[in-house]
Amino acid sequence: MNIAAGVLLIIASIFNFVGGCTYVVGGGAAAAISEAGSKGHEIALASDPNYADYADPDTQSTLNAGKAAGAGLMFWGFALLVIACIMIGGAVCSFSKKAKGFVIATAILAILAEVVGVSLTVFGPGNFIGLLAGIFTFIGLRSYKSPVSEPAA
């Protein structure tokens, strides 16, 4: 079970790496577009005295919300990149049945990453593999030797 969990963790880490890069680029693009729109709105207000009469009064708040959403997506993308690296380390530890605490943290992060990913987008095959990797990792933890079962030295 540890081998299957490790392989699934590596596959899920690849998906998380690609997703993290996508979130970083997409969030950065959304923030940049909102910033450009905000600058354009300021220039239009300064250059045309009648612009405020026919412009949408919620434009600036909408652009600020776009900047905040873009920054949030970028943050989540960077978090996914870190989680992908942790998942690779957890897979290696799962293969060798070492560092039980780290593997537990990896399984929790794998499941948490997929739950947050589903809340941001929709449930897809990548999310299924990540959830399965976390569940298999928890099942594989049962094969670790407990300190109680080891003979005293």
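Worth saying up front: this structure is predicted, and the values here are computed from it rather than measured.
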Q: Could you work out the complete set of other residues in the hydrophobic cluster of Val25, with links drawn between I, L, V, M, F, W and Y side chains under 4.5 Å apart?
A: none

**Q.** Side-chain cluster (under 4.5 Å, hydrophobic types only) that Leu81 belongs to, other residues
**A.** Phe17, Val24, Met74, Phe78

Q: Using side chain to side chain contact (heavy atoms under 4.5 Å, CB included) as the criterion, list what pairs up with Lys97, not counting sequence neighbours.
A: Asn2, Ser143, Tyr144

**Q.** side chain to side chain contact (heavy atoms under 4.5 Å, CB included) partners for Ile86, two or more places apart
**A.** Val82, Phe102, Thr106, Leu109

Hydrophobic clusters here meaning ILVMFWY residues chained together by side-chain heavy-atom distances under 4.5 Å, can you tell me if [X] and [Y] are in one?
X	Y	answer
Phe123	Ile11	yes
Ile10	Leu131	yes
Val118	Leu132	yes
Val18	Val7	no
Ile108	Ile88	no

Once you round to the nearest 0.5 Å, how far does [atom1] of [X] lie from [atom2] of [Y]?
X	Y	atom1	atom2	value
Lys39	Leu63	NZ	CG	12.0 Å
Ile104	Thr137	CD1	OG1	11.0 Å
Leu73	Leu80	CG	CG	10.5 Å
Phe128	Leu8	CZ	CG	9.0 Å

Considering all heavy atoms of both residues, which atom of [X] and which atom of [Y] are nearest to each other, and what is their separation?
X	Y	result
Ala84	Asn16	CB-CB, 4.1 Å
Ser94	Gly6	OG-N, 4.1 Å
Ala99	Cys93	CB-SG, 3.9 Å
Ala110	Leu9	CB-CD2, 4.2 Å
Ala107	Gly134	CB-O, 3.8 Å
Ala12	Ala133	CB-CB, 4.4 Å

Q: Keeping the roles fixed (side chain from Ser38, backbone from Ser34), state whether a donor-acceptor pair exists under 3.5 Å.
A: no

Q) What residue pairs, at least two apart or across chains, pass side-chain hydrogen bond (donor to acceptor under 3.5 Å, both in side chains) with a residue in residues 107-118? A) Glu114-Asn127

Q: Only pairs at least two apart or in different chains count here, so list each salt bridge (Lys or Arg N to Asp or Glu O under 4.0 Å) that has a residue in residues 64-73.
A: Glu35-Lys67

Q: Verify the neighbour count for atom CZ of Phe75: are there more than 12 heavy atoms of other residues, nucleotides or ligands below 6.0 Å?
A: no

